[in-house]
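One is the number of the first residue; the rest follow in order along the sequence. When reading the values below, keep in mind they use all heavy atoms of this one structure, side chains included, and skip hydrogens, waters and symmetry mates. Just so you know, ligand 1 is whichever comes first in the structure, and atom 1 is the first atom listed for that ligand.
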Amino acid sequence: MSDDRDASFTALLEYVEDELAFATSHYNDSYLDRRISSRMRRTQTDTYDEYFDLLCEDADEQEALLDSMSINVTGFFRNPDVWAGIREVLRSLSAATDTVRIWSAACADGREPYSLSMLAHADPGIDEAGVTILGTDISTPALETARSGVYEESRTVDLDDQLDFLDDYREYVDVDGRRYEIGTEVKQNVRLERHDLINDEPKSGFDLVVCRNLFIYIDNAYKEPMLRTISRSLRPEGYLVIGKAETIPPNLKSAFSVRDARLRIYQRESADAEGEASTGRVDTSSGF
Ligand SMILES: C[S@@+](CC[C@H](N)C(=O)[O-])C[C@H]1O[C@@H](n2cnc3c(N)ncnc32)[C@H](O)[C@@H]1O
C-alpha cells in the first residue's frame, strides 16, 4: 500500500473500531482489506476515502460492512477427516472416564457443538450420557441461532451433504423441506454462552477443546494470548483441536504434544511451558 492509501485504510479501520464498535485491531489487515474491498466493489466506490465518506452517512452500509466482517462460516462436521480424528479422541476419553467435558470455543451458529453431540449419540464407543459440551462465541446473533437449533438449507449450503458424516443423521435432526431442526436429546448435552477469547477469563478442567478456523483471521499479537486462554482451560493431558490451516504459536509449542500433525490434534503437556501448576480443577460455574 502507498502511504496515502495506508493512511486512508487506517482511518477507515479506526472509524469502524471507534464508531461502529467492531474490534478491527484483533484481526489481520489482509482479512480486513478483503472484506472492505468486497464492500467497495458492491457499492462501486473506488478508493478507501470514497468508501469512508459513504460509510459515515449510510447506516445500511454500516450494517452491511459489520455483517461482512463477522467471520461466521461454519458447517456440520466441517473437514470430515478431522472429525474421524475427533471420534477417536472421544472414544478414548469415554473409555477412560465417566464424564467427558468438551468446549467448542468460537462455535459460530452451533453446528460444531451439535456435531460433537450427534457424534457422541451415534457412536457406540462413546457414552453420550457422560458427555457435556459447552459452545461459546463472541457473536450474540450466532448464539441465538445456536440456541434455536434450526438451520435452513440454501442454494449455497447443502446441510444433507454436511450431515452425511453420520450413517443416519435423521435420527438426530428433524428435517422438514429445507428446514433442519436439531433434536431435543442432542441439544440436551449442549450449553451455550457468550465468551470472548481475547478479553474473557480462561475456563478450566476441559478434556477437549475444539477451537477451529478463528486464528486464521486473528492478528498475530492476539493469537498467543488466545491460545494461552485455551491452554489454561484444558486439564493436563486434555486434547486440543485447531483448524487445519492453523498452527500453534512458537512460544506455546512446548505446552503441547502433537497427536496428529495433519489433523491438528494436540494434547496438553502435564506441566506446561509456562511452569504453571496444573490443578485440573473443574470450573463448576460452567454448569458442567
Ligand atoms: C469461521 S467461524 C468458525 C466456526 C467453527 N469453529 C468452525 O470451524 O466451523 C469463527 C467464529 O469466531 C468467532 N469469534 C471471532 N472473534 C472471537 C473472539 N474474540 N472470541 C470468541 N469468538 C470469536 C466469530 O463470531 C465466528 O463465529
Side-chain angles (χ1 to χ4, degrees), residues 13 16-17 20-32 34-35 65-86 102-119 133-149 151 156-159 161-163 165 182 190-203 206 208-233 239-247 249 263-265 286:
L13 295 188
V16 175
E17 177 125 12
L20 307 183
F22 182 92
T24 52
S25 51
H26 293 171
Y27 301 93
N28 60 52
D29 281 356
S30 68
Y31 167 71
L32 294 166
R34 281 199 305 278
R35 306 321 310 155
L65 178 65
L66 292 182
D67 197 39
S68 87
M69 277 184 166
S70 72
I71 314 144
N72 47 20
V73 181
T74 189
F76 291 108
F77 301 102
R78 189 174 180 184
N79 303 119
D81 53 341
V82 177
W83 282 90
I86 292 175
I102 309 170
W103 181 15
S104 166
C107 72
D109 67 12
R111 281 180 267 176
E112 187 175 87
Y114 290 138
S115 298
L116 286 158
S117 182
M118 282 188 272
L119 183 56
I133 301 148
L134 176 65
T136 65
D137 201 276
I138 198 172
S139 159
T140 306
L143 288 169
E144 269 167 31
T145 305
R147 286 197 182 95
S148 77
Y151 304 91
T156 50
V157 179
D158 186 341
L159 295 175
D161 187 49
Q162 291 180 11
L163 287 159
F165 181 80
I182 303 295
V190 177
R191 205 171 71 84
L192 297 154
E193 72 179 33
R194 189 178 177 282
H195 183 273
D196 176 347
L197 283 161
I198 293 175
N199 294 305
D200 289 341
E201 291 296 308
K203 298 180 176 294
F206 280 96
L208 164 65
V209 176
V210 177
C211 185
R212 303 172 62 210
N213 305 306
L214 169 59
F215 301 117
I216 34 174
Y217 303 105
I218 293 292
D219 187 87
N220 276 336
Y222 292 94
K223 272 187 204 162
E224 196 177 312
M226 270 180 147
L227 234 311
R228 226 172 264 286
T229 294
I230 287 169
S231 167
R232 287 181 183 159
S233 306
Y239 290 85
L240 168 67
V241 184
I242 59 175
K244 269 185 102 176
E246 297 170 330
T247 51
L263 303 181
R264 302 291 199 270
I265 301 179
S286 76

Pick from [options]: the one approaching [atom] most closely through a non-hydrogen atom:
atom	options	answer
atom 26 (C) of ligand 1	I71, V82, N72	I71
atom 9 (O) of ligand 1	T74, T136, I216, D109	T74
atom 8 (O) of ligand 1	T140, N213, N199, I242	N213
atom 16 (N) of ligand 1	Y27, F77, Y217	Y27

Show the atoms of ligand 1 that are less than 4.0 angstrom away from any heavy atom in [X].
X	answer
D196	18 (C), 19 (N), 20 (N)
A108	4 (C), 27 (O)
V73	1 (C), 2 (S), 3 (C), 4 (C), 9 (O)
S139	25 (O)

Quick check on H195 - does any of its heavy atoms sit under 4.0 Å from an atom of ligand 1?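 Flag set, H195 near ligand 1.
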
What I want to check is whether the side chains of S25 and E17 have a donor and an acceptor closer together than 3.5 Å. yes

Do D196 and R194 sit within salt-bridge range, that is, some charged N less than 4.0 Å from a carboxylate O? no

Note the single closest protein heavy atom to [atom], along with its residue, its atom name and the distance in Å.
atom	answer
atom 25 (O) of ligand 1	D137 OD1, 2.6 Å
atom 3 (C) of ligand 1	R212 O, 3.5 Å
atom 7 (C) of ligand 1	R78 NH1, 3.2 Å
atom 4 (C) of ligand 1	A106 O, 3.4 Å
atom 23 (C) of ligand 1	I138 CG2, 3.4 Å
atom 20 (N) of ligand 1	L197 N, 2.9 Å

Using modelled atom types only, decide if a donor and an acceptor are shared between the side chain of [X] and the backbone of [Y] within a distance under 3.5 Å.
X	Y	answer
Y114	A146	yes
S231	L227	no
S115	F77	yes
Y217	L32	no
E246	N213	yes
S139	A142	yes

Gap between atom CZ of R78 and atom CD of Q162 - 0.5 Å precision: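 Interatomic distance, Q162 CD to R78 CZ, rounded to 0.5 Å: 9.5 Å.
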
For A105, is at least one N or O under 3.5 Å away from an N or O on ligand 1? no

Side chain, backbone, both or neither: which part of A142 has a heavy atom under 4.0 Å from ligand 1?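 Contact part for A142 vs ligand 1: neither.
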
Side chain, backbone, both or neither: the part of E112 lying under 4.0 Å from ligand 1 by heavy atom: side chain

Of all heavy-atom pairs between N28 and I216, which one has the smallest distance, and what is that distance?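 Of all heavy-atom pairs spanning N28 and I216, the closest is ND2-O, 3.1 Å.
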
If we only count heavy atoms from C-beta on, is the L263 to D81 side-chain gap below 4.5 Å? yes

